[in-house]
Enquirer: 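Please see the structure below; I have some questions.
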2 protein chains.
Amino acid sequence: MSLRHALLGLLSDEPASGYELTRRFEKALQRYAWHAQHSQIYPELTKMAADSLVTVAAEGARGRRTYAITDAGRAELRRWMLDPPETFVVRDEGTLRLFLLSTLDADDARTVLVPLIDSCEREIAALRKGIADADAASGGGLPFGRLVAEYGLRSFETLRDWASWALERIEHN
Amino acid sequence: MSLRHALLGLLSDEPASGYELTRRFEKALQRYAWHAQHSQIYPELTKMAADSLVTVAAEGARGRRTYAITDAGRAELRRWMLDPPETFVVRDEGTLRLFLLSTLDADDARTVLVPLIDSCEREIAALRKGIADADAASGGGLPFGRLVAEYGLRSFETLRDWASWALERIEHN
DNA sequence: TTTCCCATGTAATCAGTTACATGATTAG
DNA sequence: CTAATCATGTAACTGATTACATGGGAAA
């Protein structure tokens with residue numbers, strides 16, 4: 001039930017509506033950590049409110065409901081962070097595709113790897129820029145998202161380097 | 001429907017029974033790429049046989065059925081590899097937990113990061129050993145699994161380094 | 001002879017996706 | 001006035017988990 005913990009995590013920063021949480025999912029978690037759509041987020045928030053992990057802090061225009069995390073919600077989030085399940089479930093189509101590279105011949109593998117390296121370069125450039133801007137704005141503090149950006153940057157650099165290495169190994173075989 | 005492609009990928013190496021595919025999932029894909037259990041694998045193989053992506057190559061003792069990939073199965077796998085969907089779905093509890101580190105205070109973050117760094121070290125050592133053994137056995141060839149092992153090694157090194165960096169940033173804030 | 005591993009399956013439930021459905025507000 | 005975005009939801013379906021269920025073969 002990680003959707004629940006992802007939502008608690010986002011709400012622990014600040015209260016938000018289902019709509020905002022959907023946006024933040026897209027921006028912050030979707031790419032690396034967890035994927036969810038509004039059609040799953042709205043009902044889950046309702047359930048979490050029933051379980052007293054969140055409360056409706058405000059109701060605004062157009063039926064907008066702002067949810068805030070409760071103490072019980074914070075406790076549950078902390079519990080999950082400190083006492084994690086021993087097996088983490090992973091489902092990652094991109095990584096699966098990399099793992100199945102060995103089913104392709106050299107030509108096809110090149111067709112996969114070359115664009116992959118390019119897209120890594122673009123991601124890396126974008127993340128570097130985002131990090132530089134954030135560091136300048138915060139003056140050396142550690143804002144929410146800085147750890148994540150660094151993780152993304154390093155992961156993409158690693159992926160790019162691995163893909164280059166794999167390309168070379170494949171060419172010379 | 002990535003389970004299907006994961007199974008095609010494993011079968012493109014060699015024919016296998018549902019039981020063997022379950023083992024191979026655990027060994028090769030579970031940790032990084034895709035998770036599936038026997039209760040999902042068996043019905044999926046039946047469906048794939050109905051769709052002519054695999055065939056029952058042999059029936060053995062205890063109701064054992066060995067599945068082999070068909071030409072249609074290979075074509076479908078290749079199609080998926082070369083023409084991927086533009087958005088890859090990711091669901092990764094471990095990464096989610098890292099992303100939510102910023103919800104913890106410095107003490108709690110340390111409690112998460114220190115064991116994480118340790119477990120990375122253990123993984124790295126095990127992967128290095130596996131790679132060295134495989135390289136010695138294959139004499140410089142590129143056996144199935146070598147790319148994957150390298151990817152795992154580099155990913156864990158990156159995770160370890162990031163976690164160390166994060167620990168330092170957190171301590172000094 | 002009993003314990004462990006091999007081997008396959010189904011049923012009930014839960015999680016997640018896709019498609020449908022509605023309507024208010026804001027900016028141009 | 002009209003297009004884009006804000007904003008929330010439900011229904012039908014598919015994917016995935018958990019628990020149940022069964023039994024053969026091998027080794028100790």
Side-chain angles (χ1 to χ4, degrees), chain A residues 1-8 10-11 15-27 29-31 33-51 53-54 56-67 80 85-93 96, chain B residues 1-8 10-11 15-27 29-31 33-51 53-54 56-67 80 85-93 96:
Chain A
M1 235 196 316
S2 288
L3 170 60
R4 183 164 284 214
H5 297 109
L7 289 170
L8 288 173
L10 291 177
L11 287 173
S17 67
Y19 187 81
E20 285 167 342
L21 288 166
T22 306
R23 299 289 121 184
R24 286 214 244 160
F25 245 94
E26 277 166 22
K27 221 180 120 229
L29 299 179
Q30 199 114 295
R31 305 278 292 287
W34 207 262
H35 177 262
Q37 282 153 290
H38 82 273
S39 60
Q40 203 184 356
I41 290 172
Y42 284 111
E44 186 63 25
L45 285 168
T46 307
K47 280 188 237 164
M48 289 165 75
D51 292 346
L53 300 173
V54 300
V56 177
E59 304 205 35
R62 284 171 273 171
R64 177 199 175 98
R65 250 159 308 171
T66 302
Y67 290 92
W80 182 77
E86 70 294 340
T87 63
F88 285 116
V89 170
V90 175
R91 260 188 206 100
D92 183 333
E93 287 187 333
L96 175 61
Chain B
M1 237 197 315
S2 289
L3 170 60
R4 181 163 284 214
H5 298 109
L7 289 170
L8 288 172
L10 291 177
L11 286 173
S17 67
Y19 187 81
E20 286 167 340
L21 288 166
T22 305
R23 299 289 120 185
R24 287 215 244 159
F25 244 94
E26 277 167 20
K27 221 180 120 231
L29 300 178
Q30 200 114 295
R31 306 278 294 287
W34 207 262
H35 177 262
Q37 281 152 292
H38 82 272
S39 60
Q40 203 184 355
I41 289 172
Y42 284 111
E44 185 64 25
L45 286 168
T46 307
K47 280 189 236 163
M48 287 163 75
D51 294 346
L53 300 172
V54 300
V56 177
E59 304 205 36
R62 284 171 272 172
R64 176 198 175 100
R65 252 160 306 176
T66 303
Y67 290 92
W80 183 76
E86 71 293 337
T87 63
F88 285 115
V89 170
V90 176
R91 262 190 204 98
D92 184 332
E93 286 187 331
L96 176 62

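Here is how names work: the chains are called A, B, and so on, in the same order as the sequence lines, proteins then strands, and each is numbered from 1. Heavy-atom basis, side chains included; hydrogens, waters and symmetry copies ignored.
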Enquirer: Once you round it to whole Å, what is the distance between C1' of dC6(C) and CD of Glu59(B)?
Expert: 17 Å
Enquirer: Given dA16(D), dC6(C), dC6(D), identify the nucleotide with an atom nearest to the side chain of Tyr19(B).
Expert: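 Given the options dA16(D), dC6(C), dC6(D), the side chain of Tyr19(B) is closest to dC6(C).
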Enquirer: Whole angstrom is fine here: how far is it from CD in Glu44(A) over to P in dG16(C)?
Expert: 8 Å
Enquirer: Can you sort out the partners of His5(B) under side chain to side chain donor-acceptor pair (under 3.5 Å), two or more places apart, ordered by chain and number?
Expert: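 Side chain to side chain donor-acceptor pair (under 3.5 Å) list for His5(B), sorted by chain: Glu76(B).
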Enquirer: Along nucleotides 18-27 of chain D, 5' to 3', which nucleotides get a B, which get an S, and which get a -, given that the test is a protein heavy-atom distance under 4.0 Å?
Expert: BB---BBS--
Enquirer: Is it the case that the side chain of Arg91(B) and the backbone of His35(A) share a donor-acceptor pair, with hydrogens and angles ignored and the cut-off at 3.5 Å?
Expert: yes
Enquirer: Tell me, please, which residues at least two apart from Ser2(B) pass side chain to side chain contact (heavy atoms under 4.5 Å, CB included).
Expert: Glu93(A), Leu96(A), Trp34(B), Trp80(B)
Enquirer: Consider the side chain of Arg91(B), meaning its heavy atoms from C-beta on, and name the nucleotide among dG16(C), dT8(C), dT8(D) that approaches it most closely.
Expert: dG16(C)
Enquirer: Figure out the CG/P separation between Leu7(A) and dG16(C), and round it to whole Å.
Expert: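 For the pair Leu7(A) CG and dG16(C) P, the rounded distance is 11 Å.
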Enquirer: Could you tell me how far apart Ile41(A) (CD1) and dT17(C) (P) are, to the nearest whole angstrom?
Expert: 10 Å
Enquirer: What is the distance, to the nearest angstrom, from the CZ atom on Arg64(A) to the P atom on dT5(D)?
Expert: 17 Å
Enquirer: Could you state the atom-to-atom distance from CG of Leu3(A) to C1' of dG15(D) in whole Å?
Expert: 16 Å
Enquirer: Expressed in angstrom and rounded to an integer, what is the separation of Arg23(A) atom CZ from dT8(D) atom C1'?
Expert: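 Atom-to-atom, Arg23(A) to dT8(D), this comes out as 12 Å.
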Enquirer: If you find the nucleotide of DNA chain C closest to Val89(B) and the one closest to Glu20(B), which residue's nucleotide is nearer the 5' end?
Expert: Glu20(B)
Enquirer: For Arg64(A), is there an ion pair with Glu20(A) - N to carboxylate O distance below 4.0 angstrom?
Expert: yes
Enquirer: Output all residues satisfying side chain to side chain donor-acceptor pair (under 3.5 Å) with Glu26(B), sequence neighbours left out; order by chain, then residue number.
Expert: none
Enquirer: Hey, can you pull the donor-acceptor pairs under 3.5 Å for the side chains in residues 36-45 of chain B, sequence neighbours left out?
Expert:
from: Tyr42(B); atom 1: OH; to: Tyr19(B); atom 2: N; distance (Å): 3.3
from: Glu44(B); atom 1: OE2; to: Arg4(B); atom 2: NE; distance (Å): 2.8
from: Glu44(B); atom 1: OE2; to: Arg4(B); atom 2: NH2; distance (Å): 3.2

Enquirer: Would you say the side-chain atoms of Arg24(A) pair up with the backbone N or O of Leu10(A), donor to acceptor, closer than 3.5 Å?
Expert: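 Yes, Arg24(A) side chain to Leu10(A) backbone: donor-acceptor pair under 3.5 Å.
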Enquirer: Please report, rounded to the nearest Å, how far the P atom of dT17(C) is from the CD atom of Glu26(A).
Expert: 13 Å
Enquirer: Closest to the Met1(A) side chain: dT8(C), dA15(C), dA7(D)?
Expert: dA15(C)
